[in-house]
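Have a look at the structure below before the remarks.
None of the values given here were measured: they were computed from a predicted structure.
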Amino acid sequence: MSDSDSPSVHKDFVRQIIDGDNDSGKWGGVVHTRFPPEPNGYLHIGHAKAICLNFGIAEEYGGKCNLRFDDTNPEKEEVEYVESIKADIRWLGFDWEDRLFFASDYFEQLYQWAEQLITDGNAYVCSLPLEEIRSGRGTPSEPGTDSPYRSRSVEENLDLFRRMRAGEFDEGDHVLRAKIDMGHQVMLLRDPIMYRIRKVEHHRTGDQWCIYPTYDFTHGQSDSIEGITHSICTLEFENRRPLYDWYCDTLGIHHPQQIEFNRLNLTYTMMSKRRLLLLVNEGHVDGWDDPRMPTLSGLRRRGYTPASIRSLCTKVGVTKHNAMADLVLLENEIRDELNKSADRRMAVLNPIKVTITNYPEGQTEELDAVNNPEDESAGSRKVTFGRELYIERDDFMENPPRKFFRLGIGREVRLRWAYFITCTDVVKDDDGNITEILCTYDPETKGGDAPDGRKVKATMHWVSVDTAVDATVHLYDPLFTKEDVDDVEDESLDWKSNLNPDSRKTVTGKLEQALAGSESGYRCQFERLGYFIVEQSSQPDALVFNRIVTLKDAWAKANKKK
RNA sequence: AACCCGAUAGUGUAAUCGGUAACACAACAGAUUUUGAUUCUGUUAUUCCAGGUUCAAGUCCUGGUCGGGUUACCA
């Protein structure tokens, strides 16, 4: 590769293993990985890490990465999920080319291998009820007891297993178990289940099968069939590696190396598909693609870019111990990217009216505003100034503390790209609430510079009342109030008690006219507020924006601390 | 409890033959600034514990502690 002379490109332990294999010639220099999602939910940012690892490694080593759906449990799996997963991987920027596979494509081969194990005396049909299989397995400290069916003859096992396939039995009547060791220290090796009867339609094979293989009896063999060299999975599969190895070895087939890495955890959210499904089903969010969800479709709708997510995935690293990455890491990625590329616009989200008392009634003027100070080529646009304006309510204080250097009575500030204004008075309603701010402007400061060189402490955004465009703006905050979603006060509470009731606030904002008619997917910075994207449901004449992320705000942070 | 895995600034990671513990983010301070943003500069702070081997240990050895996983006819 080209940048091999860049000083110290750290390689994680997975890549180090691959380097070692390439040096020793273990796989003849071949690197072939796979990403194996189960189509029972939407992909989340944790999956993005696995995708970046598997597809990324294939790219770096001149190898290939397959997409394989691990669809052995028809009760939970749906075509909708298959399609969303494919779309999300493509959006992230990866391509499986012609290597789209399904574990269900291998059902017949798997079945033949099961018969082989039976024939070799390595598997048997067990007719114990579920509860007895469980109790018979013993506990980690006590060995299990052999099933009474463990010694069935090969002929009887074969006959029973074929009749299971033929649909002669009901669910739960029989299972096929591997004959390993009921006293093994690893519980998983105490005669694990290989096949169970499920009279359920499968989203791809329909009613062709009424017995389905378990994950363990499927995964390694699927890797084997596809010629995978490095089967990379998350830490919770570490315990299953002995079984993965046992099936490959006992069957005498190509035996990929399973390597486990730490999954991505992020503060203020969680990655459990079961829980995410619950959030959707119980209506805590609007759907899998709700902009508050850590799903790829949610992050996409929120306004995150594929590059920002990929960048996070490389920054968090790959190790073997459980880690929880700070959400601000992700936020910084999108801030960095959009700071360089996004147009600046002015929008007032909590408006209060300002009247410039010495500005002629009925007069307006067009002023030049720079689109992006970080990118000269972005050019400029016109903004309209007039006698009546909106500013942010938070930018005015009647009795400002010492450190507050925005607008107050008698204070002078700059309106971005416009004039210096000085507050002379406020108008209040009968309850004493401020309804309007009265100011004068200095015509000499047009564009925002004072010829006499005098300084102001604050520059504020604003929008003229006459040209303001209304828009619905969704302000998002983290879905949970705790860094660790499982951090609950007492036993009676669960993670749902940490749901943030204020994770979405919706306001009507006043936008500068350049934003009129914006198309869905357009990202810009609302100056001093944050980065926003035009919502996918937005219409040119009924604008809807999502806040992607706020700008860093030292003033807000200082206040929060008090 | 048995088995498996892990432990390095607040967080995430690096230190490849045993040879000056470092990077990013966060925090704090300052400079610049027509965004209290960005940018720049600086500061604080790290090898789980106890022994051992060694001129020298984050790294090797022994014992412990703590954390996670497994104990599904889910993946």
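Note: A:Tyr111 and A:Trp209 have tilted aromatic rings, judged against thresholds of 30 and 60 degrees for the angle between ring planes. Note: A:Phe532 and A:Phe526 have parallel aromatic rings, judged against thresholds of 30 and 60 degrees for the angle between ring planes. Taking the six-membered ring for Trp and thresholds of 30 and 60 degrees, A:Phe480 and A:Trp495 have ring planes inclined between 30 and 60 degrees apart.
A donor-acceptor contact closer than 3.5 angstrom is absent between the side chains of A:Ser308 and A:Glu337.
Across the interface with RNA chain B, nearest-nucleotide mapping of A:Tyr215 and A:Val186 shows A:Val186 to be the residue nearer the 5′ end.
Of the candidates B:rU70, B:rA2, B:rC74, the closest approach to any side-chain atom of A:Asn239 belongs to B:rU70. Taking only side-chain atoms of A:Arg196, from C-beta outward, the nucleotide of B:rC25, B:rU35, B:rC73 with the closest atom is B:rC73. With B:rA27, B:rA75, B:rC4 as the choices, the nucleotide that has an atom nearest any side-chain atom of A:Lys557 turns out to be B:rA27. Side chain of A:Arg416, nearest nucleotide from B:rA26, B:rU35, B:rU71: B:rU35. Side-chain proximity of A:Leu130 to the nucleotides B:rC73, B:rU71, B:rA75 is greatest for B:rC73. Here the nucleotide nearest the side chain of A:Val328, chosen from B:rA26, B:rU35, B:rC73, is B:rA26. Looking at the side chain of A:Arg528, the nearest of the listed nucleotides B:rA72, B:rC3, B:rG36 is B:rG36. The side chain of A:Pro140 lies closest to B:rU71, out of B:rA72, B:rC5, B:rU71.
Residue-level contact check: A:Arg406 touches the bases, meaning some heavy atom is under 4.0 Å from a base atom. Within 4.0 Å of A:Arg177, counting heavy atoms only, lies no atom of the nucleic acid at all. Nucleic acid contact for A:Arg240: base, since at least one base atom lies under 4.0 Å from a heavy atom of the residue. Contact annotation for A:Phe405: base contact, defined as any heavy-atom pair under 4.0 Å involving a base atom. Across all strands, A:Gln185 comes closer than 4.0 Å only to sugar-phosphate atoms, never to a base (heavy-atom distances). Within the 4.0 angstrom heavy-atom criterion, base atoms lie near A:Phe404. Among the protein residues, A:Tyr212 comes within range of no part of the nucleic acid, since none of its heavy atoms lies under 4.0 Å from any strand. Among the atoms of the strands shown, none is found under 4.0 Å from any heavy atom of A:Thr139.
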Once base and sugar-phosphate atoms are separated, protein heavy atoms under 4.0 Å mark nucleotides 7-17 of chain B, 5' to 3', with B, S and - as SS--SSSSS--
Read 5' to 3' with Watson-Crick or G-U pairs under 3.5 Å, [ ] for crossing pairs and | for partners on another strand, RNA chain B gives (((((((..((((.....[..)))).(((((.......)))))....(((((..]....))))))))))))....
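Separation of the A:Tyr215 and A:Phe237 ring centroids falls under the 6.0 Å cut-off. Taking the six-membered ring where the residue is Trp, the centroids of A:Phe404 and A:Trp555 are separated by under 6.0 Å.
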Provide a list of protein-nucleic acid N or O atom pairs under 3.5 angstrom, restricted to nucleotides 37-40 of chain B.
{"unit_1": "B:rU38", "atom_1": "OP1", "unit_2": "A:Lys552", "atom_2": "NZ", "d": "3.3"}
{"unit_1": "B:rU38", "atom_1": "O2'", "unit_2": "A:Asn339", "atom_2": "ND2", "d": "3.0"}
{"unit_1": "B:rU38", "atom_1": "O2'", "unit_2": "A:Glu374", "atom_2": "OE2", "d": "3.4"}

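In this structure, CG of A:Asp216 is placed 10 Å from C1' of B:rC74, rounded to the nearest angstrom. As a whole-Å value, the separation of A:Glu392 CD from B:rU35 P is 17 Å. One can place CD of A:Gln258 at 13 Å from C1' of B:rC5, the figure rounded to the nearest angstrom.
Exactly one residue among A:Lys457, A:Arg454, A:Lys455 makes a side-chain contact (heavy atoms from CB on, under 4.5 Å) with A:Glu412. That residue is A:Arg454.
Taking syn as a glycosidic angle within 90° of 0, B:rC17 qualifies as syn.
Taking CE from A:Met182 and CZ from A:Arg150, the interatomic distance works out to 7.0 Å, rounded to the nearest 0.5 Å. Going from atom CZ of A:Arg274 over to atom NZ of A:Lys76 covers 9.0 Å, rounded to the nearest 0.5 Å.
Separation of the P atoms belonging to B:rA72 and B:rU65 is 27 Å when rounded to the nearest angstrom. B:rU46 and B:rU33 have their P atoms separated by 36 Å, given to the nearest Å.
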Carefully, step by step, assess A:Ile85 and A:Leu43 under the rule side-chain contact (heavy atoms from CB on, under 4.5 Å). CA-CA 6 Å; A:Ile85 288 168; A:Leu43 255 29; 3.6 Å; yes
